Amino acid sequence: MRVSFLTVRKRLFFVLVGGAVAIAILLFRLGFVQFSMGEWLTELAKDSWSRDVPFESERGEILDRNGEILATNISAPSVIAAPKQIENPEQSAAELAVTLGVSEDKAYGWLTKNESLVRLNPEGRKISKEKAKAVRDLDIEGIYIAEDNKRHYPKGTYLSHVLGFAGIDNQGLTGLEQYYDERLKGEAGRVSFFSDAKGQKLQGLADEYEQPEKGEDLRLTIDDRVQTIIERELDIAEATYNPDGALAIAMDPDSGEILGMSSRPDFNPDNFREIPAEVYNQNKPVWSTYEPGSTFKIITLAAALEEEKVDLENDHFNDPGYIEVNGTKLHCWKKGGHGEQTFLEVVQNSCNPGFVALGERLGTDTLFDYIDNFGFGKKTGVDLQGEGTGILFNRENVGPLELATTAFGQGVSVTPLQQVTAVSAAVNGGYLYQPYLAKEWLDPTTGMVKQSTPPKMKQRVISEQTSKEVRHALEYVVAKGTGKGAFVDGYRVGGKTGTAQKAEGGQYLENNHIVSFIGFAPANDPEIVVYTAIDNPKDTLQFGGIVAAPIVGNIIGDSLSAMGVEKQTNQLEKSLDWDDDVLTETPDVTGKNLKELHQAYYPFNIEKEGEGSVVVAQSPEPGEKIKEGGTIRLYLDDKSESSD
Amino acid sequence: MENATRPFDKLLLVSLLCLLTVGMFMVYSASSALGEYVHNDAFYFLKRQLIFAGAGLAAMIAIARIDYWFWKRWSFVILIVCFFFLILVLIPGVGMVRGGARSWIGAGAFSIQPAEFMKLGMIIFLSQYLVRHQKRIPEFKRGMLPVLLLIFLAFALIMLQPDLGTGTVMAGACFVLLFVAGARIKHFFLLGGLGTAGFVGLILSAPYRIQRITSFIDPWSDPLGAGFQIIQSLYAVGPGGLFGLGFGDSRQKFYYLPEPQTDFIFAIIAEEFGFLGAGFVLVLFGVLLWRGVTTAMTAPDMYGALLATGICGVIFLQVLINIGVVTGLFPVTGITLPFLSYGGSSLTLLLAAAGVLLNITRHRTEYH
């Protein structure tokens, strides 16, 4: 027995040691959980205890390139209820119902919902500051006012398709608001209070406040002055022609920056709920695709010049009014044709058979290589949703007929932005840029530039020399040819008309065209490229040169003047048609007296303002062009005073 | 045999009373919110625990005065009674289902868990049996096998409720007893293999046990289901840090941790008193173990030594498993923390067992 008891004691000692080791392990584990895992577990536990009252962040503002505010926020607080903390729901509901203007039942429903936090949707969301103050003055425990705001577009319908709009949760839904939602929306903040598992406030833990972070401000490439001019011109066009739609784009050809963009019908982003979705979803300049018509000839021209297939001044072409390709007669738009012309005149006259000849000289592969290089058939990569790609002939299926029609812009479909981007490359020295709108991101508190987007040159498409010849030819189109409507006195405008038949179900529509014009200026070093298309203008001849060219002329003239581009004197003189007004320089009449004026027989109407007999000022200024029979306004004063 | 002349082991008694006192404060702190919410009385659980502790202490004092050979004499009867109730509790209508197991017998506050009694009954019987058949223990067939069959029978009955935690503690304490009584080590290896196989079998037979195992490995894979209790327990222990949040300042007791005053009371201790407080409790259990094993070593006879060993085994295995669960070392099993957790059945029985232990200390011999 004694020996056996020794064994027992030995084994008991093992048990004691084993127990001590076990306790040590538990202590170690306890320390591990409390120290090593402690911080992590505390964070998780806090998450599980905390109930968040969200504070929506403010969206970043959207500005034009000069700081003009295009999209901003206005304060609109929201009411949030924590039902578990409301002691007397009946009474609180009655008070709240009166203040917010809802039924007592609805208010009672909010305050007794089995949720930790209830948004008072929709009557208690994004309310006026006055209402929010009234709710705060009720001083109900468990009712919180969360700082909130809503999006506001101070310029209304202006730039609406490009800006898009944000919804009630401040989420970007269309346009730039959607495209750059991540950066614009910022980081939501919150107030957290700590609660037990039954929703009561936990004592001893202070509320935590996390400030919302405002979204970054976005400065666009858009120039407010250019955009305003575009909007005005499209308003006038809508009133004049009652078209099915209209659009315009202005671009800086040296960078791909979009200076202005508009689409009709338009809408006011503040009321997007009342607008049909197809109106705000169709940003026509990037979304719509259609046959470009003659504006596309610029590409054919550029390719032929670059490939040295034509000498504009010296090569001649005879247009009998049609050209036969593979047994099919392709007609020129002018009945009877343009007869014998140089190729410069072919461009001026937008002569279809002449361009077919250029296409044939280039051949399918070369022409299509250029079309490809100029960016057609694929997205330009502009920072907007819903960009179209357009349709080109599949190169394998291109026969002589397809080559011929492509050369003058039929049978292909492109987007307006593709055309502007391609023509910019054709006139800027041959550099194809990626068009863009987001110029800079600004820190919302300091206003400092955080990031700026450099222009992105995609590829070189033609040489400097070719580009110069293209500009020269297109300046002729405006001065002497089909684009005379775009002529601007003092600015060397170049451009090309376009008139495309609309197709529906594989059939061309009768008397239903998209008329367009693409222009640029100054022709020696273009600062702006402007494209306008008017869809089915009414009560007019549906020609780009008649409807669209004057609009582009107005936009270019006013925009360049607003941008401070100097006028030039060495422009090509506009050739006169029988119905053109004769322009003459305004004579300098300041300092002359009335007697002298009467003896001079100026071919103008004269309006006099002020008392006196001597001219002290005149409008227009001396040297400006004025129509014969136009009006000159003279400001008169006394000789004695003016000589003081 | 020898005379009951010596006083009780003071350290054993002091550490036990310390644990009991800590338990009272912690049952109050952990249960006040729940008591207020369910019974409109923050002291509801404390009052009841005080009554249980009073009854338990009375039992302890009384039993400490009964010389432990008394249990040797009655061990067979005690075992039979325990088996009787263990079978009785399985009969629907007699046994009551609480928390998914048919473990309770009786009515309302006067209900007991027969498995709790079996833990001690089996110790009392096995100690006697192993002393009587000491020579046969090294043999397998005539020594180990009958004992193993008996343990298995009791374990199987407990698993029919089912109550894996109590069954594991009972069987574990019996194995400690066998080890100390001089069973061959190679038999334990054999048993270890068999036990592992059986454990795996048990786990595979009931899907909820698999869930408990997997959720123990990654509680966050099912945070609202099987992993819920472990996660909530860790949310209490982790934020406790070194000093804890302070007495009464637990957050997890506010309905996050279910029944914080019973199986997860150690989590609340760790939360309110941090590593220092929880570590202090562990040290108290360490002292208890040391004095308990010393009691076994200095017992005047083999029976006393084995009885003390078994009682220490039960207490200490419960401590190990309970704190292992609370700190995420073991899967959730449903074991109370001795002397600290709220619960009448568990507290009074363990105090009574402590009474037996104290009595053995009165008969201790000098041993160095």
Side-chain angles (χ1 to χ4, degrees), chain A residues 1-51 84-85 116 192-206 208, chain B residues 33 37 134-135 176 179-182 220 223 231-232 234-242 244-246 249 251-257 266 270 274-275 278-279 282-283 285-286 289-290 292-294 296-299 301-302 305-306 308-309 312-313 316 319-320 323-324 326-329 367:
Chain A
M1 177 135 181
R2 214 66 205 156
V3 174
S4 171
F5 209 66
L6 259 178
T7 314
V8 168
R9 283 181 173 156
K10 224 174 8 187
R11 292 206 171 176
L12 275 171
F13 184 71
F14 277 118
V15 168
L16 187 62
V17 170
V21 169
I23 286 184
I25 290 173
L26 288 181
L27 270 173
F28 184 80
R29 171 67 183 177
L30 188 66
F32 182 76
V33 172
Q34 296 198 295
F35 304 131
S36 185
M37 294 168 74
E39 221 162 283
W40 178 67
L41 284 170
T42 305
E43 279 311 301
L44 286 178
K46 270 195 170 172
D47 278 352
S48 105
W49 301 328
S50 67
R51 302 293 180 269
K84 297 274 169 41
Q85 296 174 25
S116 53
S192 311
F193 66 85
F194 293 97
S195 142
D196 64 34
K198 296 194 189 300
Q200 299 288 333
K201 228 169 164 168
L202 269 183
Q203 300 303 314
L205 273 173
E208 280 182 4
Chain B
Y37 184 74
Q134 209 177 349
K135 288 188 186 109
V176 173
F179 172 73
V180 171
W220 277 271
I231 289 175
Q232 295 305 326
L234 290 177
Y235 283 177
V237 178
L242 183 60
L245 306 174
D249 289 342
R251 289 153 197 158
Q252 284 295 96
K253 71 183 180 188
F254 286 100
Y255 328 112
Y256 285 106
L257 191 56
F266 191 77
F275 182 74
L282 264 175
V283 169
F285 277 117
L289 175 76
W290 166 45
V293 174
T294 307
M297 284 181 173
T298 58
D301 62 357
M302 184 82 165
L306 292 185
T309 303
C312 285
F316 204 69
V319 171
L320 219 64
I323 296 178
V326 166
T327 55
L329 273 182
Y367 170 77

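Treat the numbers as computed from the prediction; the structure is a model and nothing was measured. In what follows, every chain begins at residue 1, and chains take the letters A, B, ... in the order their sequences are listed.
- Nearest heavy-atom pair, A:Arg9 versus B:Met297, reported as atom, atom and distance to 0.1 Å: NE-O, 2.7 Å.
- From A:Ser48, atom OG reaches atom OH of B:Tyr235 across 5.5 Å, with rounding to the nearest 0.5 Å.
- Note on B:Thr294, B:Leu320, B:Val326, B:Ile231: by heavy-atom pairs under 4.5 Å with chain A, the leading option is B:Leu320.
- No side-chain heavy atom of B:Thr309 sits under 4.5 Å from any side-chain heavy atom of A:Val15.
- Scanning both residues, B:Ala305 and A:Val8, for their nearest heavy atoms gives CB-CG1, 4.4 Å.
- Note that the CG atom of A:Leu16 and the CH2 atom of B:Trp290 stand 9.5 Å from one another [nearest 0.5 Å].
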For residues 24-35 of chain A, run the donor-acceptor check on the side chains, cut-off 3.5 Å, and write out each pair with its distance to 0.1 Å, sequence neighbours left out.
unit_1, atom_1, unit_2, atom_2, d
A:Arg29, NE, B:Thr327, O, 2.7
A:Arg29, NH2, B:Thr327, O, 2.7
A:Gln34, OE1, B:Phe275, N, 3.0
A:Gln34, NE2, B:Val237, O, 3.0
A:Gln34, NE2, B:Ala270, O, 3.1

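- Among B:Gly241, B:Cys312, B:Gly286, B:Gly274, the residue making the largest number of heavy-atom pairs under 4.5 Å with chain A is B:Gly241.
- At a 4.5 Å heavy-atom cutoff, the contact between B:Phe316 and chain A is made by side-chain atoms alone.
- Between A:Gly19 and B:Leu289 the shortest heavy-atom distance is CA-CD2, 3.6 Å.
- Contact detail for B:Gln252 and A:Trp49: the closest heavy-atom pair is OE1-NE1, 2.7 Å.
- With a threshold of 4.5 angstrom between heavy atoms, B:Leu242 approaches chain A through its backbone and through its side chain.
- When the shell of 6.0 Å around OH of B:Tyr255 is examined, it contains more than 12 heavy atoms from other residues, nucleotides or ligands.
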